[in-house]
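Counting from 1, the numbers follow the sequence of the chain as shown. Hydrogens, waters and symmetry mates are skipped; everything else that's a heavy atom, side chains included, is used. Read the numbers this way: they start at 1 and go in the same order the structure lists the ligands and their atoms.
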Amino acid sequence: MLSDNIFLKIINKSIPARVIHEDDQCIAFHDINAQAPVHVLIIPRKVIPTHADVTEEDRALLGHLHLVAAQLATKLGIGEGYRLVVNCKEPAGQTVPHLHLHLLGGRNFSWPPG
Ligand code: 5GP
């Protein structure tokens with residue numbers, strides 16, 4: 001269920017995270033419960049609760065998140081193949097109400113996803 005926005009606490013540095021990228025628009029850090037050898041979360045500083053809440057105003061920000069994801073994939077050695085995931089709302093598995101990209105790599109993935 002969508003619970004506390006723990007990611008705001010990571011942005012505000014009130015709880016620790018293994019941060020690997022930070023800029024004026026976003027922050028990226030290793031997932032605490034990794035589902036692959038590489039599992040990074042890329043989150044905007046702006047609070048957008050779910051993917052369904054994006055607006056025209058967020059167009060450039062969303063592009064930026066994807067650029068950062070591609071750069072991090074190369075930096076983390078998974079440029080040969082990786083998966084990007086956005087879970088939108090509870091039926092899709094979203095647990096934190098702050099839009100985020102999951103960047104996963106380092107193993108083979110099956111399709112369809114579970
Ligand atoms: P969602 O299920 O909302 O798509 O993804 C939330 C992700 O955040 C999960 O993969 C979960 O493991 C991760 N997560 C939840 N709390 C923390 C935390 O305190 N630190 C880190 N690094 N990841 C977290």
Worksheet item: Any idea which atoms of ligand 1 are less than 4.0 Å away from a heavy-atom of I10?
Response: 20 (N)

Worksheet item: Which part of I6 is near ligand 1, with near meaning a heavy atom under 4.0 Å away: side chain, backbone, both or neither?
Response: side chain

Practice prompt. State whether the shortest distance between N or O atoms of H102 and N or O atoms of ligand 1 falls below 3.5 angstrom.
Written response: yes

Worksheet item: Is the shortest heavy-atom distance from the side chain of I43 to the side chain of F29 under 4.5 Å?
Response: yes

Worksheet entry | Any Q35 heavy atom less than 4.0 Å from ligand 1 | no

Worksheet item: Does H30 reach ligand 1 with a nitrogen or oxygen that is under 3.5 Å from one of the ligand's nitrogen or oxygen atoms?
Response: yes

Worksheet item: Heavy atom of G93 under 4.0 Å from ligand 1?
Response: yes

Discussion item. With a heavy-atom distance limit of 4.0 Å, tell me whether V85 approaches ligand 1 through its side chain, its backbone, both, or neither.
Written reply: neither

Worksheet item: With sequence neighbours excluded, what pairs up with R45 under the salt bridge (charged side-chain N to carboxylate O under 4.0 Å, His left out) test?
Response: E22

Fill in: H30 and H39: side chain donor to acceptor below 3.5 Å
no

Show the atom names and distances, to 0.1 Å, of all donor-acceptor pairs under 3.5 Å that link a side chain in residues 70-79 to residues at least two apart or in another chain.
residue: T74; atom: OG1; partner: A70; partner atom: O; Å: 3.4
residue: K75; atom: NZ; partner: I20; partner atom: O; Å: 3.3

Discussion item. Please check if the number of heavy atoms outside N108 that lie under 6.0 Å from its CG is greater than 12.
Written reply: no

Worksheet item: Contact between H100 and ligand 1, counting heavy atoms under 4.0 Å?
Response: yes

Worksheet item: Taking the six-membered ring where the residue is Trp, are the ring centres of H98 and H100 under 6.0 Å apart?
Response: no

Worksheet item: Testing V54, I48, L99 for side-chain contact (heavy atoms from CB on, under 4.5 Å) with L61, which one passes?
Response: I48

Fill in: Subset of ligand 1 atoms that lie under 4.0 Å from at least one heavy atom of N33
12 (O)

Practice prompt. Examine V96 against ligand 1 and note whether any of their N/O atoms are separated by less than 3.5 Å.
Written response: yes

Worksheet item: Of V86, I32, L101, V40, which has the heavy atom at the shortest distance from atom 21 (C) of ligand 1?
Response: I32

Item to complete: Compute whether any side-chain donor of one residue and acceptor of the other, for H51 and N87, lie under 3.5 angstrom apart.
Response: no

